[in-house]
S.K.: 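Structure incoming, see below.
Small disclaimer: the values here were computed from a predicted structure and weren't measured. Position 1 is the first residue of the sequence, and the numbers go up from there. Below, all heavy atoms of this structure are taken into account, side chains as well, without hydrogens, waters or symmetry copies.
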Amino acid sequence: LEEIRMLFSLEEKPHTDLQVFLVGQAEIRERLQAPRLTSLAQRVGVNFHLAPLAAYGRPGQLQRLVDEAHGLGLAVLLDVVSNHFGPEGNPMWQMSRGFFHREANTAWGPGPRFDREAVLAYFEQMAWHFAHHYRFDGHRVDAVHAIPAAERRPHLERLARGQAAGAGHRGHLMLESVENETTLLGERPPDGGGRQSPVFVSQLNFDFQRAAHRLLTGERHMEYGEADDHGEALGRCLERGFTYAGDFSSARGMEVGEAVEDAPWAGFINYLVNHDTCGNRYLGQRLQELTTAERFRAATALLLLHPATPYLFMGQEWGTRARFHFFTDFPEGLGRRVERGRLRGFHEVNVEHSEERAPGPQDRQALERSRLDWLEQDRDEHRAHLDFTRELLALRRELRPHMVGSTAGCRARHEGLLFVCEIPAADGKGGFVLAANLGESALPWPKEVEGATLLCRSDGEGAAEASLAAATTALWRTTSVAV
């Protein structure tokens, strides 16, 4: 590197006759930070790398993090933003304009052109790189719906191929999408054939979160306008996965999703809270701050006992009260534009008249307030909720293999805010009834549980209490299920 620096000193300005490409491991970035190489580092016009951001640590540290997780029986997914590269700061804009669409086709500017082989190959190799070198088990793919419809599936197929080739074992793609493309979900054989392991595709279920949030909080702004106050949206999710599966959405003015009668429950990632539901609020509140403790407890039981895959957001397991804000460290100019744009986008509160002021995205406090207080889980209220979560997860681990694996045969109904979901057993002998009373009054046990065995109820009461209290979820095992 010192010799390269000296070669640059031979140039006669203003002409540049020497072009040098440095290709190597991630450590080359660290070496360029040495004081004696400052002049060389200043001459690097474009840099491009596939490695962790230096602020988070070295590549070896990320590899050890993944290995530690595997040692605990945890799979690790890498969050991938492939629908856009941001408005500034990425060298791909300088290296290859043909990599992107000419016109802005996303909220963040022009996105990559997945109708070009070079672009598809780039992301396939990226997936292989992180699966092979860092041993990631899969990818969470951000805002898939922002990719043009005709380019979406080819991109996902190549990501899956790269993941399968790099990992050498069953991989995962978790899609963030509002398109509800049910035919994408499930286990997919590798496109390349051969001995590669399959990749399982799932989708974050916006419909479940929006339907549950509206019923638990009464909020109707923006995306919550796609749900309803009567329970129809949540009932559909409990029976078939999505609210919109080839159905007309009045909020969007179009049909949304695909009608599929037999979809894998594991492909639906149901959730109540995530970084967006908090970070896209002015004050960053979580659901547990917007509803009662009892209703949050009942919703947690419904989430964890239903056969769809449940998703818990950091600290949700103990019902943390820590808020989560949107935070950035953009260059000053871009940071100001982002902050102004976000202030115009809040609809749950009148920002100008809010008595409480939230930190802006560029304010360090936005990050600091979003950190978890790990000692919080030792306090009585939170310890009790953590124990409750653990009990539900243990029951799920025991019972889920005995539940049917797909939406076929599942039935759900609702009367007001009483939801009853019938889930056949995997062996065809009987099944389960999951009932949630999200209302404010106690109700008789649903007729479907006559002669059934009570397995769990969120209020801690036993079978002697033959009614479902307000804000209570319960699970029964039956000898027969109506199909």
S.K.: Indicate the atoms forming the closest heavy-atom contact of L215 with F419, along with that distance.
M.R.: CD1-CZ, 3.6 Å
S.K.: So, for W108 and A143, which heavy atoms are closest and what is the spacing to 0.1 Å?
M.R.: CH2-CB, 4.3 Å
S.K.: Could you check Q203, H145, E258 and say which one makes a side-chain hydrogen bond (donor to acceptor under 3.5 Å, both in side chains) with N180?
M.R.: Q203
S.K.: With a sphere of 6.0 Å drawn around CZ of R357, does it hold more than 12 non-hydrogen atoms of other residues, nucleotides or ligands?
M.R.: yes
S.K.: Taking atom types as modelled, is there a side-chain donor on T183 or R153 under 3.5 Å from an acceptor on the other?
M.R.: yes
S.K.: Decide side-chain contact (heavy atoms from CB on, under 4.5 Å) for F324 and M314; before the verdict, give the C-alpha distance in whole Å, the side-chain angles of both, and the deciding distance to 0.1 Å.
M.R.: CA-CA 10 Å; F324 189 87; M314 50 181 278; 4.0 Å; yes
S.K.: Would you say H139 and L159 make side-chain contact, with heavy atoms under 4.5 Å?
M.R.: no
S.K.: How about R342 and F326: do any of their side-chain heavy atoms sit closer than 4.5 Å?
M.R.: yes
S.K.: Test ring-ring contact (aromatic ring centres under 6.0 Å, His included) on F208 and F242 and set out the steps.
M.R.: CA-CA 7 Å; F208 180 89; F242 293 131; over 10 Å; no
S.K.: Are the side chains of P446 and R413 in touch, meaning some heavy atoms are under 4.5 Å apart?
M.R.: yes
S.K.: Indicate yes or no: at least one non-hydrogen side-chain atom of V404 is less than 4.5 angstrom from one of C410.
M.R.: yes
S.K.: I want to check something: taking the side chain as every heavy atom from C-beta on, are P310 and Y271 in contact at a cut-off of under 4.5 Å?
M.R.: no
S.K.: Could you verify whether a donor N or O on one side chain and an acceptor N or O on the other, from T389 and E317, lie under 3.5 Å apart?
M.R.: no
S.K.: Strictly by modelled atom types, are H70 and D137 linked by a side-chain donor-acceptor pair under 3.5 Å?
M.R.: yes
S.K.: Could you verify whether a donor N or O on one side chain and an acceptor N or O on the other, from W318 and E376, lie under 3.5 Å apart?
M.R.: yes
S.K.: Just wondering, are more than 12 heavy atoms of other shown residues or ligands nearer than 6.0 Å to CD in E368?
M.R.: yes
S.K.: Can you classify the ring geometry of H385 versus F296 as parallel (below 30°), tilted (30 to 60°) or perpendicular (above 60°)?
M.R.: parallel
S.K.: Is it the case that the side chains of S406 and D262 hold a donor-acceptor pair, with the cut-off being a distance below 3.5 Å and no angle test?
M.R.: yes
S.K.: Using a 3.5 Å distance criterion without hydrogens, assess whether the side chain of Q288 forms a donor-acceptor pair with backbone atoms of T320.
M.R.: yes
S.K.: Please give me the minimum heavy-atom distance between A298 and T472, naming the atom from each residue.
M.R.: CB-N, 3.8 Å
S.K.: For E219, which of R214, H347, R281 qualifies under side chain to side chain contact (heavy atoms under 4.5 Å, CB included)?
M.R.: R281
S.K.: Can you find a side-chain donor-acceptor pair between Y224 and E348 that sits under 3.5 Å?
M.R.: no
S.K.: On a heavy-atom basis, which atom in P264 and which in G186 lie closest, and how many Å separate them?
M.R.: CG-CA, 3.7 Å
S.K.: Which of these passes side chain to side chain contact (heavy atoms under 4.5 Å, CB included) with H155: N83, I147, V144?
M.R.: I147
S.K.: Closest heavy-atom contact between H230 and H414?
M.R.: O-CE1, 2.9 Å
S.K.: Compare every heavy atom of G235 with every heavy atom of A412, then report the nearest pair and how far apart it is.
M.R.: CB-O, 3.6 Å
S.K.: With under 30° as parallel and over 60° as perpendicular, where do the rings of H275 and F313 fit, or are they tilted in between?
M.R.: tilted
